[in-house]
K.L.:
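First the structure, which I've put down as structure tokens, then a few questions once you've had a look.
Letters go in sequence order (proteins before strands), and every chain restarts at 1.
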Protein chains: 2
Amino acid sequence: MTRLVPRLDAEESAAWLSLVSLLELLPSALDSQLQRDSGLTHYEFAVLSNLRFSPDQTQRMSALATATNATLPRLSHVITRLENRGLVERVPCPEDRRATNARLTDAGRRDLVRATPGHIEFVRRTVIDSLDREQLDQLTAIASAITRKLDPEGKFAALPDPQ
Amino acid sequence: MTRLVPRLDAEESAAWLSLVSLLELLPSALDSQLQRDSGLTHYEFAVLSNLRFSPDQTQRMSALATATNATLPRLSHVITRLENRGLVERVPCPEDRRATNARLTDAGRRDLVRATPGHIEFVRRTVIDSLDREQLDQLTAIASAITRKLDPEGKFAALPDPQ
DNA sequence: ACAAATTGGTTGTTGCTGCAACCATCGTGC
DNA sequence: GCACGATGGTTGCAGCAACAACCAATTTGT
């Protein structure tokens, strides 16, 4: 029986293993930091950040869902919880009565603004400061190349630049 | 009020955003592929792979948990499910009667061997083939550097080399 | 030798995500 | 202008993970 898929050679394997470790460790580290310091999930943080930089701090549910790479049911549940905590509110969309807009409240904006510096600092400490300038560019190229394969249309917008 | 944490500049921001996209898209893509083609979670796959390359296809629960970066309760539940599906069995540890060993069954080994080529092929298509040789080395260095910050003792062993 | 502390695992509860079913509104074709 | 499909969103249910509480076996201290 011939091997249709060649196994990974030493360099490929090293790259893959180190990437797997990263995928395993970094997301949970990010979540822990945000949860501990701000009571926010990384996903909730992404939702709030997205709203913050949208016109009128408002976005359609469906747009917000694709921008955060989530299913609509997931977003709906998350928005419900955030609404109960007073960080977000649902507003019926005037142009399309099927649609719902999610809007960041003042309290939500306040919490987000409070959470952001600590998050950036953590990102800097764990990621940015581990790399030199050259590696920063390399990382951008590498991650973009892989992402392009997974999301060719670039529908997933990631986080807006936290600032 | 002075800004204690300098915001990210353009290059830093680009690197971070592209990395976030990767963290968001790749794990779910890996999970979908494995789930669809083999009925295994990525985590279950990691557990089985780890057992496969352990002496006597056996590992202590606690060792297996740290090697897969999981809490002990999580592993215990997963092993219970895998045991119900006949892919793994629990064996009391002779040397320490508190301890439990998890052992890969023949059926488990068979399923794993079946699942592996498709998984490798997917990894190749999405990750490896997106990069050139130079980038492969760069990725190894970058991911290792970040991982070192998150897990200085290197307790997390990642997957053993799938082959 | 025995009490206390530590280690190794399991079980129960709660919270979040995915999927499927569902309802309401909008657009299209006739 | 009305039926039908498509779109936008919510709700209910099932499965998995985190945390805490718990039990059993072992080690430590005296």
K.L.:
Work out which heavy atom in B:Ser54 is nearest to a heavy atom in B:Gln59; give both atom names and the distance.
P.N.:
OG-CG, 3.1 Å
K.L.:
Pick the closest DNA chain D nucleotide for A:Ala99 and for A:Pro73 by heavy atoms, then say which residue is nearer the 5' end.
P.N.:
A:Ala99
K.L.:
Starting at CG of A:Leu75 and ending at C1' of D:dG8, how long is that distance when rounded to a whole Å?
P.N.:
12 Å
K.L.:
Side chains of B:Ser13 and B:Arg7: donor-acceptor distance under 3.5 Å anywhere?
P.N.:
no
K.L.:
Looking at D:dG8, D:dG9, D:dA17, which one has an atom nearest to any side-chain atom of B:Arg81?
P.N.:
D:dA17
K.L.:
For A:Arg97 and for A:Thr41, find the nucleotide of DNA chain C with the closest heavy atom, then tell me which residue's nucleotide is more 5'.
P.N.:
A:Thr41
K.L.:
Does a side-chain N or O from A:Ser62 land closer than 4.0 Å to OP1 or OP2 of D:dG9, or not?
P.N.:
yes
K.L.:
I need the CG-C1' distance between A:Asp96 and D:dG9, as an integer number of Å.
P.N.:
11 Å
K.L.:
Going by side-chain contact (heavy atoms from CB on, under 4.5 Å), name the residues that satisfy it together with B:Asp129, two or more places apart in sequence or in a different chain.
P.N.:
A:Lys149, B:Arg124
K.L.:
Which residues pass the side-chain contact (heavy atoms from CB on, under 4.5 Å) test with A:Arg109, not counting sequence neighbours?
P.N.:
A:Arg52, A:Gln57, A:Leu104, A:Val113
K.L.:
Do B:Arg98 and D:dT26 have a side chain to base donor-acceptor pair shorter than 3.5 Å?
P.N.:
no
K.L.:
Taking A:Glu44's backbone N and O only, do any of them form a donor-acceptor pair with A:Thr41's side chain (distance below 3.5 Å, no angle check)?
P.N.:
no
K.L.:
Which ones in residues 83-95 of chain B lie close to DNA chain C, meaning a heavy atom under 4.0 Å from one of its atoms?
P.N.:
B:Arg90
K.L.:
Is the phosphate of D:dA17, meaning OP1 or OP2, less than 4.0 Å from a side-chain N or O of B:Arg74?
P.N.:
yes
K.L.:
Is there a residue in residues 24-35 of chain B whose heavy atoms reach under 4.0 Å of DNA chain C, and which residues are they?
P.N.:
none
K.L.:
For the pair A:Asp31 (side chain) and A:His42 (backbone), establish whether a donor and an acceptor sit closer than 3.5 Å, ignoring hydrogens and angles.
P.N.:
yes
K.L.:
Round to the nearest Å and state the distance from A:His77 atom NE2 to D:dG8 atom P.
P.N.:
19 Å
K.L.:
Can you name the closest pair of heavy atoms from A:Thr147 and B:Ser18 and give their distance?
P.N.:
OG1-O, 4.2 Å
K.L.:
Using a 4.0 Å cut-off to any heavy atom of chain A, which nucleotides of DNA chain C are the first and last in contact, reading 5' to 3'?
P.N.:
C:dC16 to C:dC26
K.L.:
For residues 70-79 of chain A, please give each side-chain donor-acceptor pair under 3.5 Å, one per line with the distance, not counting sequence neighbours.
P.N.:
from	atom 1	to	atom 2	distance (Å)
A:Thr71	OG1	A:Arg74	N	3.3
A:His77	ND1	A:Pro73	O	3.4

K.L.:
Please name the pair of heavy atoms, one in A:Pro94 and one in A:Asn101, separated by the smallest distance, quoted to 0.1 Å.
P.N.:
CD-ND2, 4.4 Å
K.L.:
For the pair made of CE in A:Met61 and C1' in D:dT7, what is the distance, rounded to whole Å?
P.N.:
15 Å
K.L.:
Shortest non-hydrogen contact from A:Glu11 to B:Asp137?
P.N.:
CD-OD1, 3.6 Å
K.L.:
Step by step, work out the salt bridge (Lys or Arg N to Asp or Glu O under 4.0 Å) result for B:Arg133 and A:Glu12.
P.N.:
CA-CA 8 Å; B:Arg133 279 281 142 179; A:Glu12 293 167 340; 3.1 Å; yes
